[in-house]
Amino acid sequence: MRVKRSLFAVIAVSAWALTAAFATGPAHASPVPGSPAGGTAQVAPAAPHAAGAPAAQAAAVSPTISPATNWIHRAENEQFDCTAGNLCLEVWDPTVSQWKVFFLYTCNRYYLSHWLDSGYYLNKQTGSVTSYFYGAQGQVLRAFSPPQVGTQDWNPVWSVRNC
């Protein structure tokens, strides 16, 4: 009887834990207000390859960055502002089928999670700062100074330093 009761308890706790894990929603950083004074409007590019595959959406995870920073979602060809002082990074978010734009202002090394496929970067930082994209072993994949705009394959990029 004791074994049956223990097995029932394990199953009940597992079911409760799964329900709690899937019932909570994702946390979002505060979005950057649109069109601050002095900003230059940018246009989000067209959507990448066929992002609408049902199997891919079922397993989709939104790209994140740590430490957290401000970000916004933008539809393809929709304008956004990357204001002076920011390194702006664009990655496709398959959970909402929109571009997720991160605004890196504070000097730090940022670690990327679930950044897949091609995206874009826009370096609007001020001064003679150099930014870096790093691979899995910490090797420098790209070093650049402002002003700089470019495309980037996010698959090999594990972290970014904006200063």
Side-chain angles (χ1 to χ4, degrees), residues 21 24-36 38-163:
T24 59
H28 294 291
S30 300
V32 173
S35 301
T40 303
Q42 305 299 320
V43 177
H49 53 79
Q57 285 182 344
V61 177
S62 183
T64 59
I65 195 166
S66 179
T69 187
N70 290 331
W71 59 267
I72 57 174
H73 276 117
R74 288 295 182 243
E76 60 182 293
N77 301 319
E78 185 178 351
Q79 290 188 352
F80 69 93
D81 288 324
C82 183
T83 57
N86 283 289
L87 171 61
C88 298
L89 307 177
E90 295 179 67
V91 61
W92 186 253
D93 186 345
T95 64
V96 294
S97 296
Q98 290 187 336
W99 290 100
K100 194 168 185 178
V101 183
F102 291 88
F103 299 88
L104 281 56
Y105 182 82
T106 304
C107 176
N108 210 334
R109 186 159 181 175
Y110 296 88
Y111 295 88
L112 313 180
S113 296
H114 309 291
W115 286 53
L116 304 173
D117 301 324
S118 292
Y120 303 88
Y121 63 94
L122 174 59
N123 194 349
K124 298 281 292 276
Q125 297 178 93
T126 55
S128 57
V129 65
T130 301
S131 297
Y132 301 91
F133 294 162
Y134 297 100
Q137 272 70 49
Q139 74 278 22
V140 174
L141 300 175
R142 183 184 302 259
F144 54 95
S145 296
Q148 180 83 31
V149 177
T151 59
Q152 178 64 43
D153 176 9
W154 294 120
N155 292 314
V157 180
W158 286 50
S159 64
V160 173
R161 178 173 282 284
N162 64 329
C163 55

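The figures that follow rest on heavy atoms only: side chains count, while hydrogens, waters and symmetry mates do not.
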Distance-only, no hydrogens or angles: does the [X] side chain make a donor-acceptor pair with backbone N or O of [Y] under 3.5 Å?
X	Y	result
Thr69	Phe103	yes
Ser145	Val129	yes
Arg74	Gln79	yes
Asn162	Asn108	yes
Asp153	Asn155	yes

Atom [atom1] in [X], atom [atom2] in [Y]: separation rounded to 0.5 Å?
X	Y	atom1	atom2	value
Asn70	Asn86	CG	CG	8.5 Å
Tyr105	Gln125	OH	CD	9.5 Å
Asn123	Phe144	CG	CZ	5.5 Å
Cys107	Leu87	SG	CG	11.5 Å
Trp154	Leu116	CH2	CG	12.0 Å
Trp115	Gln152	CH2	CD	10.0 Å

**Request:** Please state whether the rings of Tyr121 and Phe133 are parallel, tilted or perpendicular, taking 30° and 60° as the class boundaries.
**Result:** perpendicular
**Asked** What orientation do Trp71 and Phe102 show, parallel under 30°, tilted 30 to 60°, or perpendicular over 60°?
**Response** tilted
Minimum heavy-atom separation for [X] to [Y], with atom names?
X	Y	answer
Thr151	Arg142	O-NH2, 3.5 Å
Thr83	Lys124	O-CB, 3.7 Å
Thr126	Ala84	CG2-CB, 4.4 Å

**Prompt:** Given the side-chain rings of Phe80 and Trp99, with only the six-membered ring counted for Trp, is the space between their centroids under 6.0 Å?
**Reply:**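 For Phe80 and Trp99, the ring centres are not under 6.0 Å apart.
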**Stepwise side-chain contact (heavy atoms from CB on, under 4.5 Å) check, Ile65 with Leu104** = CA-CA 10 Å; Ile65 195 166; Leu104 281 56; 3.9 Å; yes
**Message:** With a 4.5 Å cut-off on side-chain heavy atoms, are Pro67 and Tyr110 touching?
**Reply:** yes
**Request:** List for me each residue that meets side-chain contact (heavy atoms from CB on, under 4.5 Å) alongside Ser62, sequence neighbours excluded, and say none if there are none.
**Result:**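 Per chain and number, Ser62 pairs via side-chain contact (heavy atoms from CB on, under 4.5 Å) with Asp93, Thr95, Lys100.
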**Prompt:** Between Tyr134 and Arg109, does any side-chain donor sit less than 3.5 Å from a side-chain acceptor?
**Reply:**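 Distance-only check fails for Tyr134 and Arg109.
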